Amino acid sequence: MKQYKTILVIESSCDETAAAVIRGSEQRVQLLSNVVASSADLQAKYGGVIPEQAAREQLKSIIPVIESAINDSGLRIDDIEAIAVTQGPGLIGSLLVGVETAKTLALVWNKPLVPINHLIGHFYANWVVQNQKLRIKNKASQPLIPNSRSFILPIFPIIGLLVSGGHTDLILMKDHGKYDYLGGTRDDAAGECFDKCARLLNLPYPGGPQLSKLAETGDPKAYKLPRPMLDSHDFDFSFSGLKTAVNNLVNKSPKLLKEPGSLMLSDLAASIQASIVELLVRKTVAAAQRYNIDQIMVAGGVAANSCLREELKKAFHGQVFIPSPNFCTDNAAMIAAAAYYNYNPQGPLSIQANPNLSL
Ligand code: KG4
Ligand code: ZN
C-alpha cells in the first residue's frame, strides 16, 4: 500500500451531490476541499425525495461540484492519485450518476478507483475532525484526521450505531474493515420514523430536524407512546408501531393539527423524539455492556439530533464519538476518510453501482 494518497472522492447516493479532495500521509489526512450541493429544497416542495428528480439534480450538479472540489483543493488533476466513490446503497439513479462519472474520470485520467459502502462511510465521519471550517480555495488546509492531542480518534473495538433515513444498524467494529453486525431495524429506520411522524404532524420535509426543533419547547412525558422491542434482549429495532400510534392519536384528536404552534403539538413532538431516542440509547448502551466495550460511535443524519447526542452521553460512562452535525448528513468528507483507511483500489470497469449494498 502506498503511503501518500491524494484522493478525489465523489458521493451521490441520494439527494446530495458531494465531492472532496484529501491527502493522506502516514497518520495524518488533510481535507483539501469539501463541497456539497443539495436538492433538499426541491424535495421539500413535494414532501420527500422523488428518485427520478433526485437523479436529474445529481446530473446537473455533479460536474460543477467536482470542479469546485478540485479547484478549492489547489491541486492539478495530475496530483490526484486515485478516485473514490460511493458504490451503494442508495437510490439507483443517483448512485449511477456518481459511479459512472467516477469510472469515466478514472479511465480518462488513468487513476485507480476505490469503491466505498455509504453506510461504512457514515461511520468514518467520526474520523473527520470536529467543527471543521474549510477556507474557500485553501491550499494549506486543516487536517481531516489530525495527529494532534486535541482530537481523539476512536480506538477499536467500538460499538457503532448508524441512524440514517434508510438505516438503523448496530455493529461491533474491531478494526478498519472488520466488523460484526449486531442488529438493526425490522421495519422503518429511525430517520424514516422521524420523517413519517413529522409528516403526520404536518411539518415540512425533511421532517427530522423540524420535529426536533418543535420538541425543544415540549414535554417529552406528555404523551405515553410505545417503545417497541425495548425489552427484546437483542439488538434489533422496530419503529413502525410508534408511527401507527402517532397516526391513531392524531386521528382521534384532530384539533392537535388545527393549532400548528400549540403547546400540545410541541408536547407530541417531544414525546415522539423521546421514544425514538430511548430505543436507540438503551440498545446501544446494552450492546456496549454485552461486549464489554467502552467506546460508542454514532453516525448518520439522525446523529445530528441534539436530544440523542445528550441522552447517549448521559447514559454511557465510556467515550462517545458523534460527528459534528454537518458531517452527520451525507457528505464526501466521510467517504474520503473511509477510502483512506480502507484503501482498496480496483479497475474502473469492474465497479457497478449497487443500490442494495449491505453492511
Ligand atoms: O444520513 P442521511 O443524511 O441520509 C441517508 O443516508 O439516509 O440521513 C437523513 C435522515 C432524515 O431522515 C432526516 O430527517 C434525519 O436524518 N435527520 C434528523 C435530524 N437531522 C437529520 N433526524 C432527527 N433530528 C435531526 N436533527
Ligand atoms: Zn447517508
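Small disclaimer: the values here were computed from a predicted structure and weren't measured. Remember, it's 1-based here, ligands and their atoms both numbered in the order they're listed. Residue numbers start at 1 and run along the sequence shown.
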Side-chain donor/acceptor of D195 to backbone N/O of G208, under 3.5 Å: yes
If you look at each N/O of ligand 1, which protein N/O atoms lie under 3.5 Å away, and at what distance?
residue, atom, partner, partner atom, Å
ligand 1, 1 (O), H122, NE2, 3.1
ligand 1, 1 (O), G301, N, 3.0
ligand 1, 3 (O), D330, N, 3.3
ligand 1, 6 (O), H118, NE2, 3.3
ligand 1, 6 (O), D330, OD1, 3.4
ligand 1, 7 (O), G165, N, 2.8
ligand 1, 8 (O), G165, N, 3.4
ligand 1, 12 (O), G191, O, 3.2
ligand 1, 12 (O), D195, OD1, 3.4
ligand 1, 12 (O), D195, OD2, 2.7
ligand 1, 14 (O), D195, OD1, 2.6
ligand 1, 14 (O), G208, N, 3.2
ligand 1, 20 (N), G301, O, 3.4
ligand 1, 24 (N), N305, ND2, 3.0

If hydrophobic residues (ILVMFWY) are linked whenever their side-chain heavy atoms come closer than 4.5 Å, directly or via other members, who joins L96 in its cluster? I92
E52 atom CD: more than 12 heavy-atom contacts under 6.0 Å: no
Within the 4.5 Å heavy-atom criterion, are K60 and T17 side-chain neighbours or not? no
D175 atom CG: more than 12 heavy-atom contacts under 6.0 Å: yes
Starting at CD of E81, measure out to OG1 of T6 and round the result to the nearest 0.5 Å. 4.5 Å
Please collect all ring pair (Phe, Tyr, Trp, His ring centres under 6.0 Å) contacts where either partner lies in residues 174-201, sequence neighbours excluded, each pair once. Y124-H176, W127-H176, F156-H176, H176-Y341
Considering the Zn ion (ligand 2), could you give the total of protein N/O/S atoms lying closer than 2.8 Å? 3
Nearest heavy atoms of P157 and I293, plus distance in Å: O-CG2, 3.4 Å
Does A189 offer a backbone N or O that forms a donor-acceptor pair with the side chain of E192 under 3.5 Å? yes
